[in-house]
Amino acid sequence: MPDIMLKAENVNKDHKRAGEIIRALINVNLEIYAGEVAVIQGPTACGKTTLLNVLSGLDMPDDGKVFLDGENISRATEARLSTIRRQKVGFVFQDFNLIDALTAEENVEALLWPESLTSKDIEKRALAALRDVNLLDRKDHSPRQLSGGEKQRVAVARAIIHQPRVLFADEPTGNLDPESGNSLMDLLVKLNKDYKTTIVIVTHDEKIAQKYGKKRIRMDKGAIISVN
Ligand SMILES: Nc1ncnc2c1ncn2[C@@H]1O[C@H](COP(=O)(O)OP(=O)(O)OP(=O)(O)O)[C@@H](O)[C@H]1O
Ligand SMILES: [Mg+2]
């Protein structure tokens, strides 16, 4: 039996906006094993991003517990959470979040700047990550000089430079045409195979979920309605 990498136990999370309470997660229970590729699907506003944020320690549940790699992160201090995020977790956001003033290589390196590594070590790792996503030849380009698919691959290189145990990707193919979307998904699956990285992907795309989701989690109105 593989280890459990992520576990949610009776998780509830409300968002409050202008006096209105939105129940974004309702009694969510979930287990994702080490080395799995899990896909979270569901209609807009059903709570997918909220679930990703809570599973990754970017946000806290109101009640219930979240375990990441065996540690109860719903009780962790802000300092511990920031260490966990820096060491164990990688993120790929839908809108890339790249910095235009930096080159592709510098964008990838930025994640390691707070670490006590030499600049040579940081560069070595950045170039290895850019090689993994097949973008070495674009390392000196600024994000403005890259296509959408290339930007998304820089975002993946940045997310894997510290060799995270878990990679979270929120609609990573949302802004890509089907061909670039498939090649990005192939890349994520390769990382899963090569490095045993656990991968959790949010997608609206039924075809992508079918093709790539070894575990498929469906949500509706804040609840998990099926896992298979
Ligand atoms: N910071 C916030 N403050 C207030 N309400 C929020 C906040 N974040 C999310 N919500 C609300 O919580 C609900 C769930 O949002 P969430 O972003 O998790 O949905 P989603 O499934 O990711 O949707 P989408 O597919 O459109 O990205 C929505 O009704 C949303 O408006
Ligand atoms: Mg979302």
Side-chain angles (χ1 to χ4, degrees), residues 2 5-6 30-44 46-53 55-56 58 68 88-98 104 107-108 111 126 128-139 141 143 146-220 224-228:
M5 180 56 66
L6 292 164
L30 180 65
E31 284 177 357
I32 295 173
Y33 293 99
E36 266 191 315
V37 176
V39 169
I40 301 172
Q41 287 178 269
T44 186
C46 73
K48 303 181 297 296
T49 296
T50 305
L51 178 59
L52 219 60
N53 290 346
L55 288 175
S56 62
L58 277 182
L68 190 153
K88 296 194 179 189
V89 176
F91 295 96
V92 180
F93 300 96
Q94 178 171 9
D95 56 1
F96 318 129
N97 278 0
L98 299 179
N107 264 285
V108 175
L111 202 97
L130 283 166
R131 189 174 311 115
D132 277 337
V133 302
N134 207 10
L135 265 190
L136 257 192
D137 56 339
R138 295 285 191 277
K139 71 183 176 66
H141 285 224
L146 297 170
S147 73
E150 288 171 338
K151 273 190 272 209
Q152 195 59 308
R153 281 190 278 151
V154 175
V156 172
R158 182 182 54 187
I160 60 168
I161 188 175
H162 57 311
Q163 297 165 337
R165 306 287 320 273
V166 198
L167 184 63
F168 293 94
D170 198 350
E171 296 276 3
T173 63
N175 289 318
L176 304 179
D177 61 44
E179 197 185 322
S180 320
N182 276 321
S183 90
L184 186 91
M185 290 301 301
D186 289 337
L187 167 66
L188 295 180
V189 168
K190 186 173 180 321
L191 296 172
N192 167 261
K193 286 221 171 72
D194 291 354
Y195 302 118
K196 310 276 177 285
T197 315
T198 308
I199 301 190
V200 186
I201 302 160
V202 167
T203 185
H204 272 106
D205 189 324
E206 178 66 27
K207 278 197 194 125
I208 286 206
Q210 255 180 36
K211 185 166 172 199
Y212 296 97
K214 300 215 184 84
K215 169 176 268 176
R216 292 175 64 182
I217 300 153
R218 285 176 197 277
M219 295 184 70
D220 195 23
I224 290 182
I225 53 171
S226 71
V227 179
N228 45 46

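Below, all heavy atoms of this structure are taken into account, side chains as well, without hydrogens, waters or symmetry copies.
Side chain of Arg153 to main chain of Asn134: a donor-acceptor pair is present (N/O by atom type, distance under 3.5 Å, no hydrogens or angles). Although no hydrogens or angles enter the test, the distance criterion places a donor-acceptor pair under 3.5 Å between the side chain of Ser147 and the main chain of Glu150. Using modelled atom types, one side-chain atom of Asn192 and one backbone atom of Gly35 make a donor-acceptor pair closer than 3.5 Å.
By the 4.5 Å heavy-atom criterion applied to side chains, Val92 and Gln152 are counted as neighbours.
Taking CG of Leu68 as the start and CE of Met5 as the end, the distance is 7.0 Å to the nearest 0.5 Å. For the atom pair Lys151 NZ and Leu135 CG, the distance stands at 12.5 Å (nearest 0.5 Å). To the nearest 0.5 Å, the span separating NZ on Lys88 from OG on Ser56 amounts to 14.0 Å. Separating the CD1 atom in Ile199 from the CG atom in Leu167 is a distance of 5.0 Å, to the nearest 0.5 Å. Going from atom NZ of Lys211 over to atom OG1 of Thr203 covers 12.5 Å, rounded to the nearest 0.5 Å. Distance check: Thr197 OG1 to Leu188 CG gives 9.5 Å after rounding to the nearest 0.5 Å.
In this structure, Asp132 and Tyr195 approach most closely via the heavy-atom pair OD2-OH, 2.8 Å. Shortest non-hydrogen contact noted between Leu146 and Ala104 is CD1-CB, 4.4 Å. When all heavy atoms of Arg158 and Leu111 are compared, the pair lying nearest together is O-CD2, 3.8 Å. Between Val156 and Leu191 the shortest heavy-atom distance is CG1-CD1, 3.7 Å. The heavy-atom pair separating Phe168 from Leu52 by the smallest distance is CD2-CD1, 3.6 Å. Across every non-hydrogen atom of Ala209 and Val39, the tightest pair is CB-CG1, 3.8 Å.
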### Message
Could you go through Asp186 and Tyr212, starting from their C-alpha distance and side-chain angles, then the distance that decides it, and tell me whether this counts as side-chain contact (heavy atoms from CB on, under 4.5 Å)?
### Response
CA-CA 8 Å; Asp186 289 337; Tyr212 296 97; 2.8 Å; yes
### Task
Show your working on side-chain contact (heavy atoms from CB on, under 4.5 Å) between Val37 and Ile201 and close with a plain yes or no.
CA-CA 8 Å; Val37 176; Ile201 302 160; 4.1 Å; yes
### Task
Take Ile217 and Ile32, measure what side-chain contact (heavy atoms from CB on, under 4.5 Å) needs, and give me the verdict at the end.
CA-CA 10 Å; Ile217 300 153; Ile32 295 173; 4.1 Å; yes
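Each of Glu206, His204, Lys48 was checked for a side chain to side chain donor-acceptor pair (under 3.5 Å) with Gln41, and the lone residue meeting it is Glu206.
Dense packing is recorded around CZ of Arg138, with more than 12 heavy atoms of other residues, nucleotides or ligands lying under 6.0 Å away. More than 12 heavy atoms of other residues, nucleotides or ligands lie within 6.0 Å of CG in Asp220, so this atom counts as buried by the packing criterion. Remark: Lys214 NZ is packed, more than 12 non-hydrogen atoms of other residues, nucleotides or ligands lying under 6.0 Å away.
Residues passing the salt bridge (charged side-chain N to carboxylate O under 4.0 Å, His left out) test with Glu36 are Lys215, sequence neighbours excluded.
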